[in-house]
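A quick write-up on the structure given underneath.
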Amino acid sequence: MIVTADWVLPVSRPPVRTGAVLVRGHEITAVGPLERLRAEHPGEQVTTYPGCTIVPGLVNAHTHLSLTALEGLVPSRSFSEWLPRIATITRAMNADDFAASAAAGSMACLKTGVTVVGDIAYGPEAISTAGDAGLAGTFFWEVLGIPEGELPHALARMEFPGGGSACAAGRLCYGISPHAPYTSGPGLLRATHSLARRHQLGYMVHVAESPAEQQLLIRGEGPLGETAARLARGFEPPRCGSVEYLHRLGVLSGAIAVHCVHLETGEADLLAKHARGVVLCPRSNRYLHNGAPPVSQLHSHGVDIAVGTDSAASNEGFDLFAEARALAALDPELTPKRLLGIMSLEGARVLGVHERLGSLDPGKQADLAVIASGGADDPTTQVVATGSPDRVRAVMSAGVWRVLDGELVAPVRPIEKAAAEVRARAARVLARSVRPTSGPADR
């Protein structure tokens with residue numbers, strides 16, 4: 001099959017006007033001008049998208065698909081107020097709830113042009129449902145609040161894949177996440193990092209996300225103190241920033257650091273030297289009143305950057321284009337070319353899946369998105385500046401069409417119904433946990 005449009009943006013190479021992508025099975029076989037591919041492959045079926053640009057399947061490098069059904073349940077507020085409310089809901093959710101929510105999140109991602117995710121998982125539900133939907137990426141099993149000695153048992157209860165390769169067929173990879181410095185003690189941070197290094201797994205940590213986290217680590221006070229005392233076994237305020245703390249513990253090496261909003265002096269340099277990369281989620285940071293990430297600082301230090309939407313419970317949907325434009329607003333030095341790379345190949349590199357995903361190259365997985373771009377002479381700028389879920393005309397992953405004419409190919413009504421039921425139950429749990437009137441949450 002040959003897929004062609006006004007432009008093809010391979011990301012790894014210059015744009016191709018009247019370009020085409022040849023797909024055989026689940027892989028890309030060739031990329032180049034339509035005339036050449038037609039001549040070299042006569043008789044091949046051609047699917048044409050006039051007024052459009054073909055880009056690699058986008059990479060949403062930080063999601064919580066299993067929380068998709070909770071979108072909008074807790075309105076925008078400070079992180080320290082939002083967190084206990086969401087925790088109350090998630091404690092009441094079961095495996096079926098997480099599966100239904102992750103299925104809805106997977107479909108929502110595909111509709112936005114995303115085919116690769118870096119997802120925080122609470123069990124096997126997310127990787128299973130995402131794989132069934134056609135998504136690829138790395139799924140990080142989250143652990144927190146336990147002593148390091150309990151890690152093997154906790155992972156077994158969560159059906160964490162043990163042994164073998166961390167990737168299956170180059171699409172579904174797994175990793176581990178000890179959540180954050182205030183919910184995992186130093187022993188657990190080290191134990192999870194050791195496990196990741198030993199088995200070559202991805203290692204993702206929420207880092208320097210909120211003013212409350214900064215207050216706790218540097219001054220040993222603030223609204224997260226009780227959380228740390230209850231969950232982070234052996235934690236003592238290090239009197240430094242979160243990145244420096246992880247470095248002192250020896251767990252920053254190869255880590256994927258998410259958020260990095262509140263960096264102390266010298267921490268951007270530590271990230272550049274030791275971390276695998278940083279995932280920025282500016283719209284989620286705004287939703288939780290956490291401030292804006294120091295994009296210019298990270299950029300100038302040469303940090304590998306990916307972008308993510310975070311959970312639907314802390315954002316307004318999965319629009320990765322809006323997320324990239326939020327980065328551009330914070331750092332005008334980021335060119336459209338770099339931004340598209342952050343949304344694709346650079347994001348795949350941060351997640352460790354770049355050898356098979358993230359760009360349109362022969363031998364890679366046939367993941368692509370077709371974006372309406374009009375008669376653009378500068379397609380990269382046009383796609384980054386005007387891209388949105390409404391402009392996604394078609395999406396392919398592993399050589400299979402997942403979205404056509406802007407609509408999901410798979411039946412979505414049963415998925416939407418199951419997610420709506422999860423949301424309704426979650427709303428009841430939240431209502432019971434909050435006292436009547438405008439009083440504080442019952443934590």
Side-chain angles (χ1 to χ4, degrees), residues 1-24 27-41 44 46-61 113-116 277 299 302-307 320-321 323-325 327-328 331-351 353-388 391-397 399:
M1 174 197 324
I2 293 175
V3 186
T4 182
D6 293 6
W7 290 94
V8 171
L9 303 181
V11 173
S12 57
R13 291 175 288 132
V16 183
R17 187 188 287 271
T18 317
V21 180
L22 175 64
V23 175
R24 293 271 175 80
E27 289 188 348
I28 295 170
T29 302
V31 178
L34 174 61
E35 268 189 34
R36 175 168 66 80
L37 264 61
R38 266 183 162 159
E40 293 175 352
H41 304 277
E44 195 76 41
V46 178
T47 301
T48 305
Y49 285 95
C52 292
T53 297
I54 300 173
V55 301
L58 302 179
V59 179
N60 189 339
V114 166
T115 65
V116 184
H299 178 193
V303 176
D304 281 340
I305 296 172
V307 66
L320 205 66
F321 295 101
E323 217 73 50
R325 288 192 287 270
L327 292 185
D331 182 6
E333 296 298 315
L334 286 175
T335 64
K337 179 180 178 182
R338 176 73 191 277
L339 286 165
L340 183 60
I342 286 171
M343 299 167 69
S344 54
L345 185 56
E346 192 168 342
R349 187 179 301 119
V350 170
L351 293 179
V353 296
H354 57 290
E355 292 184 0
R356 298 283 282 161
L357 297 154
S359 63
L360 299 176
D361 288 303
K364 286 199 170 184
Q365 293 278 295
D367 282 33
L368 58 84
V370 181
I371 314 297
S373 55
D377 289 326
D378 182 353
T380 305
T381 297
Q382 183 73 7
V383 164
V384 171
T386 66
S388 70
R391 287 179 172 264
V392 176
R393 294 291 176 262
V395 178
M396 174 187 287
S397 70

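Hydrogens, waters and symmetry mates are skipped; everything else that's a heavy atom, side chains included, is used.
The two residues R36 and V31 come nearest to each other via the heavy atoms NH2-O, 3.2 Å. Taking every heavy atom of both residues into account, L360 and L9 meet most closely at CD1-O, 3.8 Å. When every heavy atom of V23 is checked against every heavy atom of M396, the shortest pair comes out as CG2-SD, 4.0 Å. Residues C52 and A5 share a closest heavy-atom pair of O-CB, 3.3 Å. For A20 against V8, the heavy-atom pair with the smallest separation is N-CG2, 3.4 Å. The shortest non-hydrogen separation linking Y49 to A394 is OH-CB, 3.4 Å.
Checked for salt-bridge contact, E355 and K364 miss the test: no charged N lies under 4.0 Å from a carboxylate O.
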(message) Test side-chain contact (heavy atoms from CB on, under 4.5 Å) on V350 and I305; report intermediate values, then the result.
(response) CA-CA 7 Å; V350 170; I305 296 172; over 6 Å; no

Could you walk me through whether V392 and I371 pass side-chain contact (heavy atoms from CB on, under 4.5 Å), step by step?
-> CA-CA 5 Å; V392 176; I371 314 297; 3.9 Å; yes

Assess whether side-chain contact (heavy atoms from CB on, under 4.5 Å) is satisfied between V21 and L368, documenting all intermediate values.
CA-CA 9 Å; V21 180; L368 58 84; 4.3 Å; yes

Check: Yes or no on side-chain contact (heavy atoms from CB on, under 4.5 Å) for I28 and Q365, after CA distance, side-chain angles and deciding distance?
Finding: CA-CA 6 Å; I28 295 170; Q365 293 278 295; over 6 Å; no

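Here D6 pairs with nothing under the salt bridge (Lys or Arg N to Asp or Glu O under 4.0 Å) rule; sequence neighbours left out. By the salt bridge (Lys or Arg N to Asp or Glu O under 4.0 Å) test, R24 is found to be paired with E44, residues two or more places apart in sequence or in another chain being considered. Remark: R393 engages no residue in a salt bridge (Lys or Arg N to Asp or Glu O under 4.0 Å) (not counting sequence neighbours).
To the nearest 0.5 Å, atom NE2 of residue H299 and atom CD1 of residue I342 are 7.5 Å apart. Once rounded to the nearest 0.5 Å, the distance linking NZ of K337 with OG1 of T381 reads 11.5 Å. For the atom pair S344 OG and D367 CG, the distance stands at 12.0 Å (nearest 0.5 Å). Atom NE2 of H354 is separated from atom OG of S12 by 12.5 Å, given to the nearest 0.5 angstrom. Put simply, CD1 on I2 and OG1 on T48 are 9.5 Å apart, with the number rounded to the nearest 0.5 Å. In this structure, R391 CZ and T53 OG1 are separated by 10.0 Å, a value rounded to the nearest 0.5 Å.
Each of L320, L327, V383 was evaluated against M343; a single residue qualifies, L320, per the side-chain contact (heavy atoms from CB on, under 4.5 Å) test.
Counting only distance, with no hydrogens or angles, the side chain of R38 and the backbone of P33 share no donor-acceptor pair below 3.5 Å. At least one donor-acceptor pair under 3.5 Å links the side chain of R325 to the backbone N or O of V384. Between the R356 side chain and the G363 main chain, a donor and an acceptor come within less than 3.5 Å of each other. With hydrogens and angles ignored, the 3.5 Å screen pairs no side-chain donor or acceptor of W7 with any backbone N or O of G51. With hydrogens and angles disregarded, a donor-acceptor distance shorter than 3.5 Å links the side chain of T335 to the backbone of R338.
In summary, the side chains of T115 and S397 do not present any donor paired with an acceptor at a separation below 3.5 Å, with no hydrogens or angles considered.
Using a 4.5 Å cut-off on side-chain heavy atoms (C-beta onward), V116 and V353 make contact.
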